Amino acid sequence: MSAVIRTFAETDTQSILAINAESVRMLSPMDESRFHRLREMASLVLVAQTHFGIGVLLIAFERGADYDSTNYQWFDRNEGRFLYIDRVAVSSSCRGQGIAKRFYAEAIDWARKRSLLSLVAEINVKPRNATSLSFHRSTGFREIGSRSPEPGKIVSLQKLVL
């Protein structure tokens, strides 16, 4: 499947909300108001345009953002110059196509151009997101810690040194 990775456009909003809703079990919920707040503080918002429409979303933040995620705040306190991958949501029609790897390559290139030192992310261990854990391991991320941001949830805190 051919996909063009590009920055977010306002007309992408409804597609982005649908993709996030499809993966909400592993991501946090996001309505239109929440998305606009995230987009305003985000350093990088990318989408993949396919012939089916928008199929993948990536939202990322640099250090110092006024973001209320306790996982982001952990990295903000404990890491240097980083790009925090907040969420990557892939529609079912785009899974297994290699688009997420292309997104991460774009994010790495973007971060290096800004002299950032690492990409960081958290991945669910409970409930287990085996696909994301495997993907991040294959991309070169390594666990630097874990935390329980809420009862019944455990995340692996991961880092890719650039």
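Just so you know, these numbers come straight off a predicted model, no measurement behind them.
Legend: salt bridge (charged side-chain N to carboxylate O under 4.0 Å, His left out) pairs involving residues 9-18, not counting sequence neighbours, sorted by first then second residue: Arg6-Asp12, Glu10-Arg39.
Annotation for Leu119 and Ala111: closest pair CD1-CB, 3.9 Å, computed over non-hydrogen atoms. Closest of all the heavy-atom pairs between Gly55 and Ile19 is C-CD1, 3.6 Å. Taking each heavy atom of Ala42 and Ile59 in turn, the nearest pair found is CB-CG2, 3.9 Å. Between Ser146 and Leu157 the shortest heavy-atom distance is N-CD1, 3.9 Å. The nearest pair of heavy atoms linking Lys153 to Pro149 is O-CD, 3.6 Å. When all heavy atoms of Val88 and Tyr104 are compared, the closest pair comes out as CG2-CE1, 3.7 Å.
Around CG of Asp66, the count of heavy atoms belonging to other residues, nucleotides or ligands within 6.0 Å does not exceed 12.
Remark: Glu22 engages Arg95 in a salt bridge, criterion side-chain N to carboxylate O under 4.0 Å.
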Would Arg63 and Glu79 count as a salt bridge (charged side-chain N to carboxylate O under 4.0 Å, His left out) here? Give the steps.
CA-CA 8 Å; Arg63 185 173 191 197; Glu79 287 297 317; over 6 Å; no
Is there a side-chain hydrogen bond (donor to acceptor under 3.5 Å, both in side chains) between Tyr84 and Glu122 once you walk through the steps?
CA-CA 9 Å; Tyr84 170 76; Glu122 85 275 347; 2.6 Å; yes
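Taking the ring centre of Trp110 as origin, the terminal cationic atom of Arg114 falls inside the region bounded by 6.0 Å and 45° from the ring axis.
Between Ser156 and Val125 the shortest side-chain heavy-atom distance falls below 4.5 Å. The closest side-chain heavy-atom distance from Arg137 to Glu143 is not below 4.5 Å. No side-chain heavy atom of Ile54 sits under 4.5 Å from any side-chain heavy atom of Gln14.
Atom CG of Leu116 sits about 12.0 Å away from atom CD1 of Ile108, to the nearest 0.5 Å.
For the side chain to side chain contact (heavy atoms under 4.5 Å, CB included) criterion with Asn124, the lone passing option out of Leu133, Ile154, Val155 is Val155. Screening Ser138, Ser134, Ser132 for a side-chain hydrogen bond (donor to acceptor under 3.5 Å, both in side chains) with His136, the sole residue that qualifies is Ser132. Evaluated for a ring pair (Phe, Tyr, Trp, His ring centres under 6.0 Å) with Tyr67, the options Phe75, Phe61, Trp74 yield exactly one hit, Phe61.
Between Phe35 and Phe8, the ring planes lie perpendicular to each other; the angle is over 60°, past the 30° to 60° tilted range.
In this structure, the salt bridge (charged side-chain N to carboxylate O under 4.0 Å, His left out) partners of Arg34, at least two apart in sequence or on a different chain, are Asp68.
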